[in-house]
Number of protein chains: 2
Amino acid sequence: MSGALKDATIRVERPAKTLRELALDKVREAIVNGYFRPGDRLVERDLCAQLGVSRTVVREVLRHLESEGLVANLPNKGPIVAQLDIDEAKQIYEIRGALEGMAARLCAERSSPEIVAALEESLTGIRNSYRDNDMAAVLANTSSFYQTLFTMVDRHVAWGVVNLLTVRINHLRSMTIKTERRSIEGPAQMAKIVDAIRRGDGEGAYQAAMDHVAAACAIAEAVLSAKKSAE
Amino acid sequence: MSGALKDATIRVERPAKTLRELALDKVREAIVNGYFRPGDRLVERDLCAQLGVSRTVVREVLRHLESEGLVANLPNKGPIVAQLDIDEAKQIYEIRGALEGMAARLCAERSSPEIVAALEESLTGIRNSYRDNDMAAVLANTSSFYQTLFTMVDRHVAWGVVNLLTVRINHLRSMTIKTERRSIEGPAQMAKIVDAIRRGDGEGAYQAAMDHVAAACAIAEAVLSAKKSAE
DNA sequence: CTACAGTATCTGGTACGCCATAATACGATT
DNA sequence: AATCGTATTATGGCGTACCAGATACTGTAG
């Protein structure tokens with residue numbers, strides 16, 4: 001084989017996604033962005049019709065979402081969209097704080113121009129998205145910021161955990177970022193993380209990451225209790 | 001209805017476990033305790049025969065284990081028992097350290113006789129199990145120790161995460177606890193956690209928990225590299 | 001208006017069948 | 001004999017049909 005043609009060059013890319021994975025993504029997205037509301041029943045045969053797939057696939061998808069914590073299963077009644085109570089949300093924020101703080105500290109300890117550059121790119125993305133009032137993009141870029149934080153120090157498992165937990169509080173996240181002062185304070189707090197990493201200040205990065213999550217948690221708590229008293 | 005007969009008294013207790021859950025437990029256990037080895041293919045129809053359930057159930061179980069990280073799915077080849085590489089194991093220990101440290105700190109901050117008593121009970125269980133050379137009991141009691149740590153401060157979500165990650169390194173755990181000095185050092189390190197909690201020393205409890213996990217990680221690393229060079 | 005029986009709905013579970021793909025074995029052609 | 005193409009097999013992916021048991025609903029009889 002010609003040396004000029006690397007294997008990767010001609011490799012045919014196949015979607016390779018199974019129907020199950022497609023359906024999983026669809027349903028997860030539908031839950032996350034509120035098409036299915038918490039407490040809604042997820043009737044298997046209805047989902048079959050809506051997704052255009054068989055019950056076999058739907059059931060596997062529901063199992064998967066169940067183990068992700070997005071779907072709860074009532075015995076003899078069937079699956080519903082999981083309710084998120086305020087205490088659980090706080091716990092999730094707390095865990096995120098611990099893990100993101102850990103990742104930030106690691107980034108600072110092995111601080112490098114690449115890490116800083118990658119983080120600043122995400123941060124710029126967030127600022128631009130706020131400027132354009134594109135909240136979906138804010139969320140996506142925020143995720144990307146944290147993903148960078150974890151993957152730059154090869155903490156894929158921790159990132160997986162954070163990601164898993166984050167989908168469960170996604171609708172909270174979309175509410176917190178819309179809060180008035182969040183568009184200023186959020187990026188400012190993240191900039192503090194990056195600064196500490198640039199300085200190689202592990203403890204500072206840890207604290208800054210914790211502070212950022214704590215702020216998000218506080219807003220979420222306010223939003224949730226306001227929503228509850230409104231009901 | 002007679003007041004003397006409380007509803008709960010006559011309630012017929014049903015397993016309430018679905019076949020799926022039973023099968024899930026069986027397969028998970030089979031993987032965890034080594035009946036299926038890492039890399040083994042898990043052929044659906046074979047599992048049906050071995051478990052005595054239908055393919056639907058088996059498939060749902062495999063999906064579930066996949067999202068737990070115990071099973072990996074090779075495209076166009078099917079599910080295999082996930083391989084655990086050393087780096088991933090280290091990451092899992094690191095996360096456990098962060099979360100168990102967090103829980104220990106919380107326990108210390110709201111230190112109470114109940115918490116201390118519950119932890120000491122588990123600790124005694126561990127010491128007795130070591131004395132009796134019952135390694136399965138050591139594992140169970142160690143889990144119970146940590147479960148207490150988390151549930152005493154109502155951190156069920158974090159406990160769930162730790163539990164999820166722990167099954168993936170279970171065979172490592174069973175190797176580390178068999179190590180010579182672990183029977184002395186392990187309980188000693190855990191006693192330090194309890195002491196710090198008794199004193200209400202949050203930082204000390206955090207450090208002690210981190211140290212304990214770090215020690216386990218070091219042993220696991222040694223075991224793994226020894227095993228690798230033996231191959 | 002209430003109690004009860006019947007009915008519809010839905011999940012849990014099973015069985016079976018079809019198709020696509022990958023690997024392997026086998027046979028034919030050069 | 002080496003290689004190429006084809007048949008077979010193993011297996012996963014997916015769909016459908018069916019049944020049992022629990023629950024929710026509904027209409028009717030008393």
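Reminder, nothing fancy here: chain letters follow the sequence lines and each chain counts from 1.
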Discussion item. Please classify the nucleic acid contact of B:Arg20 as base, sugar-phosphate, or nothing, using heavy-atom distances under 4.0 Å.
Written reply: sugar-phosphate
Worksheet item: Roughly, in whole Å, what's the span from CG in B:Asn73 to P in C:dT21?
Response: 17 Å
Considering only distance and modelled atom types, tabulate donor-acceptor pairs under 3.5 Å from the side chains of residues 160-168 of chain B, sequence neighbours left out.
| from | atom 1 | to | atom 2 | distance (Å) |
| --- | --- | --- | --- | --- |
| B:Thr166 | OG1 | B:Val162 | O | 2.6 |
| B:Arg168 | NH2 | B:Glu88 | OE2 | 2.4 |

Worksheet, complete the sentence: Scanning both residues in full, the closest heavy-atom pair of B:Val57 with B:Ala23 reads CG1-CB, 4.1 Å
Item to complete: Name the closest nucleotide to the B:Glu44 side chain, picking from C:dG13, D:dG15, D:dG12.
Response: D:dG12
Which atom pairs, one a donor and one an acceptor, fall under 3.5 Å between side chains of residues 98-106 of chain B and the rest of the protein, sequence neighbours left out?
| from | atom 1 | to | atom 2 | distance (Å) |
| --- | --- | --- | --- | --- |
| B:Glu100 | OE2 | B:Arg96 | NE | 3.0 |
| B:Glu100 | OE2 | B:Arg96 | NH2 | 3.4 |
| B:Arg105 | NH2 | B:Glu203 | OE1 | 2.7 |
| B:Arg105 | NH2 | B:Glu203 | OE2 | 3.4 |

Item to complete: Send over the distance from B:Glu66 CD to D:dG13 C1', rounded to a whole Å.
Response: 13 Å
Worksheet item: Reckon B:Asn76 has a side-chain N or O less than 4.0 Å from the OP1 or OP2 of C:dT21?
Response: no
Item to complete: Quickly work out the B:Leu51 CG to C:dG13 C1' distance and round it to whole Å.
Response: 14 Å
Discussion item. Please confirm whether the shortest side-chain N or O distance from B:Lys77 to OP1 or OP2 of C:dT21 is below 4.0 Å.
Written reply: no
Discussion item. Counting only heavy atoms and a strict 4.0 angstrom limit, can you tell me which residues of residues 54-65 of chain A come near DNA chain D?
Written reply: A:Ser54, A:Arg55, A:Thr56, A:Val57
Worksheet item: In chain order, what residues pass the side-chain hydrogen bond (donor to acceptor under 3.5 Å, both in side chains) check against A:Gln147, with sequence neighbours excluded?
Response: none
Item to complete: Mind telling me whether A:His212 and A:Tyr146 have parallel, tilted or perpendicular rings, with 30° and 60° as the class edges?
Response: parallel
Worksheet entry | Whole-Å gap separating P (C:dC19) and CG (A:Leu19) | 17 Å
Discussion item. Please report the distance, rounded to the nearest Å, between CZ in B:Arg45 and P in C:dA15.
Written reply: 14 Å
Worksheet entry | A:Asp154: partners by side chain to side chain contact (heavy atoms under 4.5 Å, CB included), with sequence neighbours left out | A:His156
Item to complete: Please identify each residue that fulfils side-chain hydrogen bond (donor to acceptor under 3.5 Å, both in side chains) with A:Glu120, with sequence neighbours left out.
Response: A:Arg198
Worksheet item: Of A:Asp46 and B:Gly52, whose closest DNA chain C nucleotide lies nearer the 5' terminus?
Response: A:Asp46
Discussion item. Heavy atoms only, 4.0 Å cut-off, all strands: where does B:Leu74 land among base, sugar-phosphate and nothing?
Written reply: nothing
Item to complete: Give the nucleotide from the list C:dG12, D:dG13, C:dC10 with an atom nearest to the side chain of A:Arg41.
Response: C:dC10
Discussion item. From CG of B:Leu42 over to C1' of D:dT11, roughly how many Å is that when rounded to an integer?
Written reply: 13 Å
